[in-house]
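Please read all numbers here as calculations on a predicted model, not as lab measurements.
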Amino acid sequence: MESHTEENKSLNFIEEIIEKDLQEGRYSSILTRFPPEPNGYLHMGHASSICLNFGVAKKFGGKTNLRFDDTNPVTEDTEYVESIQEDVKWLGFEWENVFYASDYFDQLYDYAVQLIRQGDAYVCDLSAEEIAAQKGTPTEAGTESPYRNRSVEENLQLFADMKAGKFQEGEKTLRAKIDMASTNMLMRDPLLYRIKYAHHHRTGDKWCIYPMYDFAHGQSDSIERITHSICTLEFVPHRELYDWCIARLGIYPSKQYEFARLNVNYTVMSKRKLLQLVNEQHVTGWDDPRMPTISGMRRRGYTAAAIREFCDRAGITKREKVVDISLLEFCVREELNKTALRRMVVFDPVKVVITNMDENEILLDIENNPEDENGGTRQVAFTRELYIEREDFMENPPKKYFRMAIGQHVRLKGAYIVTCHDVVKDADGNITEIHCTYIPESRSGQDTSGLKVQGTLHWVSVQHALPVEIREYDRLFKVENPNAEEGDFKDYINENSLHVIPRAMAEPALAEATTANHFQFLRKGYFYPDKESGKGHIIFNKTVGLKDSWAKKG
RNA sequence: UGACCUAUGGUGUAACUGGCAACACGUCUGAUUUUGGUUCAGAAGAGUUCAGGUUCGACCCCUGAUAGGUCAACCA
């Protein structure tokens, strides 16, 4: 009765296309590519694309290349190249080859020369403003450039001069000669090459002309013999140009398919906006745990498997969507519930004195994970003085309060049932100590007391307590879709998205916590050690809380 | 006075390609529980944007509306 329904799951529209292509023998095997521009860190939207490109290839026995779309040297950097590779690997995917669009600059130059020879491209002297003015509008045809009918020889010479650095930036461009009256703005003699005296992160100063996206992407796909070139919806109008270039050049016909990008509510998902959050210090960096970047989510404690599961559940379609963050959180909890080590940490401590206990400690073995039979146990010392959460005690409890109150029984997790008798207060009326007695025969696992308690509390021995810093995160924005609101998206930043608890009291086992493990702090949520943790100063990021059906009612 | 893309419960995805809408998240009950977690059982919630048409039969095909999105960067 195990669920082998995986195979029966309906295919998304891309998979349907591929299955059909394979069945009809159009390809013997497929090859996809993930083509990030190295000008920012990868985010959840990229994760969706990565899962699609690598996932679909894997599913149909194909391969995937990682290709950096580095045709604009002014925005690109090796820092990003490295983080992107790390993120793809961390997500659990392996590429067949790593390529760069810049690997093809020589070939691309030759392709441009070919177009010129065929009369399909020309060197234009118009400025950016003039070209824009002559472009027309979506409802009005553009006008042809006066340089449109230069001779092939002249174009060849001019293009060579462009490459040789004989012109200033912006002085000349190479344009395709297509149709200034096309209803598709991209077909109105689009730019193919522009002059940029910029240092390229890979080719250095070899080039001063760089191909535009539209003259690099399709050709790169073709050179690599990519069968299915999958991109997002905003490239739909580019497909006509993509096909035009391939047809004119007579090269391998890769095919472009478009799907809707993934959006998640209460955050933003564009590199431009994320870069702004970083630069203007609304967050501490690209890997701030509040960021929807892959590095941010990793630091926060989200797992690769959970992210993959989320992308899978969100699906691939052509309709624009905003997926609820609760689905991502569900995927994270679903996995962490099965794998996280259980530990006890008291965030807002109040002291409990077990009055019928002496100074000797009682050693208890407590399970590491009740969901994992092989999870083992750890030893925890139960002592006369303990910490519990301040909110776990009430002097005048409401009707269904299952926690500690005077005269009420409550279990301390993995230890004993205790009964509260008395509280000690300071001059201001604040509780400083809670006095309880424990019931020796109620020891966890060998309880012969016959008592039934409704509540179980987490606790930490005062003399063994390890102070740790806790960082809790809330959503980055106050509104579901900051992009859809009036004004600037930054107006909707949630200024309370970070809450630090500088000194929570943890059980001593946490002293050895590393990022190799995810933790569940009992009744608190899932936590993950932060990279800023040092020897004497351990920091945990709250990954996601536990579902809390009690808090909601209040 | 344009072209292109899209339209299914609150959200996301399905519907064997024409046989009277399914799954997940979320929500709400109840049971279990040494985490008010997990697990288990159950409930509410859409008649598929609208109007026509074809058909014995339409979420699916056709026509026309409507709504949302995209396109006029020497960005990708």
- Query: Can you check rG52(B) for me, syn or anti if syn means within 90° of 0?
  - Reply: anti
Close N or O pairs between protein and nucleotides 58-60 of chain B (under 3.5 Å):
none

- Query: So, for Phe521(A) and Phe527(A), is the gap between ring centers shorter than 6.0 Å?
  - Reply: yes
- Item | Aromatic centroids of Tyr193(A) and Tyr210(A) separated by under 6.0 Å | no
- Would you call Asp214(A) and Pro190(A) a side-chain contact if the rule is heavy atoms closer than 4.5 Å? no
- Whole-Å C1' distance, rA7(B) and rA65(B): 14 Å
- Between Tyr302(A) and Tyr528(A), does the ring centroid distance fall short of 6.0 Å? no
- Query: Under the side-chain contact (heavy atoms from CB on, under 4.5 Å) test, which residues partner Val323(A), sequence neighbours left out?
  - Reply: Leu262(A), Phe310(A), Ala314(A), Lys321(A), Leu327(A)
Measure all distances between protein nitrogen or oxygen atoms and nitrogen or oxygen atoms of nucleotides 20-23 of chain B, and list the pairs falling under 3.5 Å.
none

- Return yes if the base of rU34(B) and the side-chain atoms of Ser444(A) contain a donor-acceptor N/O pair under 3.5 Å, otherwise no. yes
- Item | Intra- and interstrand pairs of RNA chain B - dot-bracket, Watson-Crick/G-U under 3.5 Å, | marks other strand | .((((((..((((.....[..)))).(((((.......))))).....(((((..]....))))))))))).....
All N/O contacts under 3.5 Å from nucleotides 43-50 of chain B to the protein, with atom names and distances to one decimal?
none

- Scan Gly142(A) against the nucleic acid and name what it touches under 4.0 Å (heavy atoms): base, sugar-phosphate only, or nothing. nothing
- Query: Between Ser549(A) and rG37(B), is there a side-chain N or O to OP1/OP2 distance below 4.0 Å?
  - Reply: yes
- Message: Is the positively charged end of Arg343(A) above the ring of Phe519(A), judged by distance under 6.0 angstrom from the centroid and angle within 45° of the axis?
- Response: no
- Residue met sooner reading RNA chain B from 5', once Pro370(A) and Thr137(A) are mapped to nucleotides: Pro370(A)
- Going 5' to 3' along nucleotides 1-8 of chain B, which nucleotides have protein heavy atoms under 4.0 Å from the base (write B), which only from the sugar-phosphate (write S), and which from neither (write -)? SBSSSSSB
- Provide, to the nearest angstrom, the distance between the CG atom belonging to Asp312(A) and the P atom belonging to rU13(B). 13 Å
- Task: Decide whether Tyr526(A) and Glu329(A) meet the rule of one side-chain donor and one side-chain acceptor closer than 3.5 Å.
- Result: no
- Mind checking what makes salt bridge (charged side-chain N to carboxylate O under 4.0 Å, His left out) contact with Asp125(A), not counting sequence neighbours? Arg150(A), Lys172(A)
- Message: Run the salt bridge (charged side-chain N to carboxylate O under 4.0 Å, His left out) test against Lys542(A) and tell me which residues pass, sequence neighbours left out.
- Response: Glu472(A)
- Query: Does the gap between the ring centers of Tyr242(A) and His238(A) come in under 6.0 Å?
  - Reply: no
- Lys273(A) NZ/CZ over Phe489(A) ring centroid, <6.0 Å and within 45° of normal: yes
- Query: Between Tyr80(A) and His201(A), is the gap from one ring center to the other below 6.0 Å?
  - Reply: no
- Look at atom CD of Gln446(A) and say whether more than 12 heavy atoms of other residues, nucleotides or ligands are closer to it than 6.0 Å. yes
- Item | Glu335(A): salt bridge (charged side-chain N to carboxylate O under 4.0 Å, His left out) partners, not counting sequence neighbours | none
- Message: Checking one value: the base orientation of rU17(B), syn if chi is within 90 degrees of 0, otherwise anti.
- Response: syn
- Query: Base, sugar-phosphate, or nothing for Val322(A), non-hydrogen atoms under 4.0 angstrom?
  - Reply: sugar-phosphate
- Taking only Lys NZ, Arg NE, NH1 and NH2, and the carboxylate oxygens of Asp or Glu, determine whether Arg523(A) and Glu389(A) approach each other closer than 4.0 Å. no
- Message: I'd like the P distance from rC20(B) over to rA15(B), given in whole Å.
- Response: 14 Å
- Note on the structure: Quick note, Glu16(A) side chain, CB onward, closest among rA72(B), rU17(B), rG37(B) is rU17(B)
- Query: On a plain distance test, is the side chain of Arg313(A) in donor-acceptor contact with the base of rU13(B) below 3.5 Å?
  - Reply: no
- Message: Considering every strand and a 4.0 Å limit on heavy-atom distances, what is the contact class for Arg443(A): base, sugar-phosphate, or nothing?
- Response: base
- Message: Under 4.0 Å, heavy atoms only, any strand: does Arg188(A) hit a base, just the sugar-phosphate, or nothing?
- Response: nothing
- Query: Does Lys163(A) make a cation-pi contact with Tyr109(A), if we ask for NZ or CZ under 6.0 Å from the ring centre and within 45° of the axis?
  - Reply: yes
- Using the test salt bridge (charged side-chain N to carboxylate O under 4.0 Å, His left out), find all partners of Arg475(A) that sit at least two apart in sequence or belong to another chain. none
- Message: From CG of Asn369(A) over to P of rU34(B), roughly how many Å is that when rounded to an integer?
- Response: 17 Å
- Tell me, which of residues 324-335 of chain A have any heavy atom that sits under 4.0 Å from an atom in RNA chain B? Asp324(A), Ser326(A), Leu327(A), Phe330(A)
- Can you check whether any acceptor in the base of rG36(B) is under 3.5 Å from a donor in the side chain of Arg523(A), or vice versa? no
- Query: Rounding to a whole Å, what distance do you find between Met404(A):CE and rU34(B):P?
  - Reply: 18 Å
- Message: Quiz question: by atom type and distance under 3.5 Å, do the side chains of Tyr122(A) and Asp189(A) form a donor-acceptor pair?
- Response: yes
Just the table, please: protein N/O against nucleotides 74-76 of chain B N/O, every pair under 3.5 Å.
{"residue": "rC74(B)", "atom": "N4", "partner": "Leu126(A)", "partner atom": "O", "Å": "3.2"}
{"residue": "rC74(B)", "atom": "N4", "partner": "Ala128(A)", "partner atom": "N", "Å": "3.3"}
{"residue": "rC74(B)", "atom": "N4", "partner": "Gly170(A)", "partner atom": "O", "Å": "2.7"}
{"residue": "rC75(B)", "atom": "OP2", "partner": "Arg194(A)", "partner atom": "NE", "Å": "3.2"}
{"residue": "rC75(B)", "atom": "OP2", "partner": "Arg194(A)", "partner atom": "NH2", "Å": "2.8"}
{"residue": "rC75(B)", "atom": "OP2", "partner": "Lys196(A)", "partner atom": "NZ", "Å": "3.0"}
{"residue": "rC75(B)", "atom": "O3'", "partner": "Arg194(A)", "partner atom": "NH2", "Å": "3.1"}
{"residue": "rC75(B)", "atom": "O2'", "partner": "Asn72(A)", "partner atom": "ND2", "Å": "3.2"}
{"residue": "rA76(B)", "atom": "OP1", "partner": "Thr71(A)", "partner atom": "OG1", "Å": "2.6"}
{"residue": "rA76(B)", "atom": "OP1", "partner": "Arg194(A)", "partner atom": "NH1", "Å": "3.4"}
{"residue": "rA76(B)", "atom": "OP1", "partner": "Arg194(A)", "partner atom": "NH2", "Å": "2.8"}
{"residue": "rA76(B)", "atom": "OP2", "partner": "Tyr213(A)", "partner atom": "N", "Å": "3.0"}
{"residue": "rA76(B)", "atom": "O4'", "partner": "Glu37(A)", "partner atom": "OE1", "Å": "3.4"}
{"residue": "rA76(B)", "atom": "O3'", "partner": "Asp69(A)", "partner atom": "OD2", "Å": "3.3"}
{"residue": "rA76(B)", "atom": "N6", "partner": "His238(A)", "partner atom": "NE2", "Å": "3.0"}

- Message: Suppose we call a contact any N or O donor and acceptor under 3.5 Å apart; does that hold for the side chain of Glu371(A) and the base of rU39(B)?
- Response: no
